[in-house]
Amino acid sequence: MATTGDPAADARESTAMLRTEGLVKRFGSFTAIDEVSLTVERGEFRSIIGPNGAGKTTLFNLISGALDATEGAVYFNGEEVTDRPPEKRIQLGMGRSFQISNVLDGLSVRENVRLAVQATRRDSYGLLESLFRPTDRYDEINEAVDRILEQVGLAAVAEETAAALPYGDKRRLEIGAVLATDPELVLFDEPTAGMSPEQTQETVDLIRDVLAEQSLVLVEHDIELVMELSDSITVLNRGEVIAEGSPEAIANDPEVQDAYIGGAEL
Ligand code: ADP
Ligand code: MG
């Protein structure tokens, strides 16, 4: 890790939840992400916004490990994870929203959450131990499942099949599946895509409630949602960070306003 010569700044860097350093992603000769360095502190809610094609999803994928960086580094919780696969990053405490298609329609809500808990528990026993201590393990898993169902407001429909859930509840189930991985940092790419204004507001409230203990990196095009939820905002344009700051500072930034002129939705 590079030092700045400022001990206070170095200490901050080493305890940051997430840090990217000079991240570059090229697709052939096209540079989708161009030298992006950002730091997300523990407990911080950071949104990444920008016009369509700015590179938001690509940056998200570099952070989660779904894509390999061409250049640069990703540090999570002080540890370099640049070359770690997504599963390893999840084990280390990076929770990423799963696509709706990952919700298993034929299973009940409870079974879906249970699968997510079992698949990703960082403190899970090894296979042998779990064979010898099934009761302890099941109690522990059941408690985790009940807690998550309660948190995301699905306890009352826990025994229904996932297929029968209305859209909003499916998104709750997805968020539940992220929580099941016991994350310290949660990554969401447009969690309210396709939602009505009411469902969007519900999701905002849910994210705020259930992620009180976590850090959040949110890619989102709904600017009202971003303004309401974020501690800080990073603005991407053509793969570069053009602004970073509080919601108020970003809303009043002339360069940000320019980037959105020309029909791109903010
Ligand atoms: P955003 O999420 O901000 O809308 P993306 O990260 O999806 O933007 O895309 C940024 C740019 O990179 C776009 O021009 C897109 O066409 C390009 N891009 C994204 N993924 C690929 C890929 N796998 N191959 C080639 N180009 C890509
Ligand atoms: Mg995108």
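We count ligands from 1, going down the list as the structure has it; atoms in each ligand are counted the same way.
Among the backbone and side-chain atoms of Asn52, no N/O/S atom is found under 2.8 Å from the Mg ion (ligand 2).
Taking both residues in full, the closest heavy atoms of Asn237 and Pro51 are given as OD1-CG, 3.6 Å, listed atom of the first, atom of the second, then distance.
At a threshold of 4.5 Å between non-hydrogen side-chain atoms, the residues Tyr167 and Gln199 count as touching.
Enclosure of atom CD in Glu150 is not indicated, since only 12 or fewer non-hydrogen atoms of other residues, nucleotides or ligands lie within 6.0 angstrom.
Between the side chains of Arg42 and Ser215, no donor-acceptor pair is found at a separation under 3.5 Å.
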List of N/O pairs, ligand 1 versus protein, all under 3.5 Å?
residue: ligand 1; atom: 2 (O); partner: Thr57; partner atom: N; Å: 2.9
residue: ligand 1; atom: 2 (O); partner: Thr57; partner atom: OG1; Å: 2.9
residue: ligand 1; atom: 3 (O); partner: Ala54; partner atom: N; Å: 3.2
residue: ligand 1; atom: 3 (O); partner: Gly55; partner atom: N; Å: 3.0
residue: ligand 1; atom: 3 (O); partner: Lys56; partner atom: N; Å: 2.8
residue: ligand 1; atom: 3 (O); partner: Lys56; partner atom: NZ; Å: 2.8
residue: ligand 1; atom: 4 (O); partner: Gly53; partner atom: N; Å: 2.8
residue: ligand 1; atom: 6 (O); partner: Thr57; partner atom: N; Å: 3.4
residue: ligand 1; atom: 6 (O); partner: Thr58; partner atom: N; Å: 2.9
residue: ligand 1; atom: 6 (O); partner: Thr58; partner atom: OG1; Å: 2.6
residue: ligand 1; atom: 8 (O); partner: Gly55; partner atom: N; Å: 3.3

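Separating the CZ atom in Arg238 from the OG1 atom in Thr31 is a distance of 13.0 Å, to the nearest 0.5 Å.
Under the rule for a salt bridge (Lys or Arg N to Asp or Glu O under 4.0 Å), Glu213 has no partner lying at least two apart in sequence or in another chain.
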